[in-house]
Amino acid sequence: MAYLFAGQHREVSKRFLVVHGWGSSAAYISSLAGGLASTGAEVVVLDLPGHGHSSGRRLNIRMAVDAIVEAERRFGPFDGAVGHSFGGASLVLAAGGIMPDAGQFNPGRLAVIGAPSRIEWLFDGFSDVVGLSESMRRNLVRHAETVAGAALSEFDGVPIAQRLCKPLLVVHAEDDKEVDAEHARRYATVPSARIHWANGHGHRRIISAPEVIGVVAAFLTDVQGEDSRNSAA
């Protein structure tokens, strides 16, 4: 399922894609979509497979990448894209084109909010919580790599961003208890990236915070001023 947000009585200037996080939906990030549409942009918001009003009962990152690439084919091209959490990571991986036969997403600009920059931490954390042995963890990783069609080491947004050289905005809160702020700090080595700290908003409130919506809108529309003053590389 995809939804279209468009500013009223204004000529459409740009087109953006918005992608929600794991266990979320387009409805949950509608404030962000509405804020982007208020700039005069046309905004497409996805319900990823198994989420919101989309069909299915499961989702993995390969399915998310496929959905993003298909959204560009059907509704694009996009001047920019923004994703929250799992959606942000999926956008970066889709732009990197690391999965064979999945195609490659090609927005003008990318913004990620509260998003992981590498995937190994999920497997490490899950294995520790449920007490998997090292051999079982390796089997889990091997299965994930088979599904994705790429090695887990390639699921790293930093080298992808360095290679793409696209303008990248990384928004994170140091009080995020679900995705550690170190994921955002890793992007400091990317020349085309800017990091904006939205402290106090945690992992979930951050997506609807007016401050964050304003920063993302200014970045995606390439407006200078408050965006650059409040962002730190």
Side-chain angles (χ1 to χ4, degrees), residues 13-19 21 32 36 39 41-44 46 61-62 64-73 75-121 148-172 179 181-198 212 214-233:
S13 57
K14 293 181 181 292
R15 182 179 295 118
F16 303 135
L17 179 68
V18 181
V19 184
L32 174 61
L36 295 178
T39 68
E42 183 176 87
V43 183
V44 175
L46 292 183
I61 207 158
R62 174 57 187 260
V65 167
D66 285 341
I68 290 166
V69 172
E70 177 64 14
E72 183 176 53
R73 188 186 72 81
F75 307 114
F78 291 103
D79 298 287
V82 55
H84 176 232
S85 194
F86 174 87
S90 300
L91 281 175
V92 173
L93 295 179
I98 67 168
M99 300 181 188
D101 304 320
Q104 186 168 3
F105 182 50
N106 190 36
R109 293 174 160 245
L110 275 170
V112 297
I113 303 172
S117 58
R118 57 190 292 273
I119 303 301
E120 286 92 340
W121 72 285
L152 202 63
S153 59
E154 296 184 57
F155 287 56
D156 190 330
V158 172
I160 290 174
Q162 290 171 333
R163 171 167 51 84
L164 291 175
C165 297
K166 289 181 182 291
L168 171 66
L169 175 67
V170 179
V171 181
H172 216 103
V179 179
E182 186 58 32
H183 285 278
R185 295 189 184 101
R186 294 183 69 238
Y187 281 108
T189 61
V190 180
S192 61
R194 292 199 306 245
I195 301 174
H196 177 87
W197 294 111
V212 170
V215 167
V216 172
F219 171 78
L220 291 182
T221 55
D222 197 17
V223 173
Q224 301 301 313
E226 185 174 355
D227 174 44
S228 59
R229 290 196 301 270
N230 286 333
S231 299

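Nothing fancy with the numbering, it's 1 onward along the sequence.
- Side chains of E72 and N106 form a contact here, defined as non-hydrogen atoms less than 4.5 Å apart.
- The heavy-atom pair separating P116 from S85 by the smallest distance is CD-O, 3.6 Å.
- Distance CD/E154 to CD1/I119: 12.5 Å, rounded to 0.5 Å.
- By the 4.5 Å heavy-atom criterion applied to side chains, V82 and L36 are counted as neighbours.
- A distance of 6.5 Å separates CG in D101 from CZ in R62, rounded to the nearest 0.5 Å.
- Taking the ring centre of F75 as origin, the terminal cationic atom of R15 falls outside the region bounded by 6.0 Å and 45° from the ring axis.
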Exercise for review: Evaluate the criterion side chain to side chain contact (heavy atoms under 4.5 Å, CB included) for residue pair D66 and M99; output intermediate values, then yes/no.
Suggested key: CA-CA 9 Å; D66 285 341; M99 300 181 188; over 6 Å; no
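- D156 is listed as a side-chain neighbour of R186, based on a closest heavy-atom distance under 4.5 Å.
- When every heavy atom of I68 is checked against every heavy atom of A94, the shortest pair comes out as CG2-CB, 4.0 Å.
- Summarising the geometry of L91 relative to A111, their closest heavy-atom pair is CD1-O, 4.5 Å, with the distance given to 0.1 Å.
- Formation of a donor-acceptor pair under 3.5 Å by the S192 side chain with backbone atoms of K166 is found in this model.
- For R73, the salt bridge (charged side-chain N to carboxylate O under 4.0 Å, His left out) partners two or more places apart in sequence, or in a different chain, are E70.
- When atom types are taken as modelled, the side chain of K14 and the backbone of G80 share no donor-acceptor pair closer than 3.5 angstrom.
- Here L169 contributes atom CG and H196 contributes atom NE2; the two are 8.0 Å apart, rounded to the nearest 0.5 Å.
- In terms of heavy-atom proximity, A148 sits nearest to P100 at O-CD, 4.5 Å.
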Practice item. List the steps and the verdict of side chain to side chain contact (heavy atoms under 4.5 Å, CB included) for V190 and V170. Key: CA-CA 11 Å; V190 180; V170 179; over 6 Å; no
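- Judged as a ring pair (Phe, Tyr, Trp, His ring centres under 6.0 Å), the pairs with a partner in residues 85-109 (not counting sequence neighbours) are, in order, W22-F86.
- A distance of 4.5 Å separates CZ of F155 from CD1 of I98, quoted to the nearest 0.5 Å.
- From S153, atom OG reaches atom CZ of R118 across 10.5 Å, with rounding to the nearest 0.5 Å.
- The closest side-chain heavy-atom distance from D79 to L220 is not below 4.5 Å.
- Contact of the V92 side chain with the Y187 side chain is registered, since non-hydrogen atoms from C-beta on lie closer than 4.5 Å.
- Residues S13 and T39 come closest through the heavy atom pair OG-O, 4.2 Å.
- Between L168 and A161, the closest heavy-atom pair is CD2-CB, 3.9 Å.
- For the side-chain contact (heavy atoms from CB on, under 4.5 Å) with H172, the lone residue among I113, I195, V179, V112 that qualifies is V179.
- The backbone N or O of F219 lies less than 3.5 Å from a partner atom in the side chain of R109, making a donor-acceptor pair.
- Within the model, atoms OG of S117 and CZ of R185 stand 11.5 Å from one another, a figure rounded to the nearest 0.5 Å.
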Exercise for review: Carefully, step by step, assess V19 and S90 under the rule side chain to side chain contact (heavy atoms under 4.5 Å, CB included).
Suggested key: CA-CA 9 Å; V19 184; S90 300; 5.5 Å; no
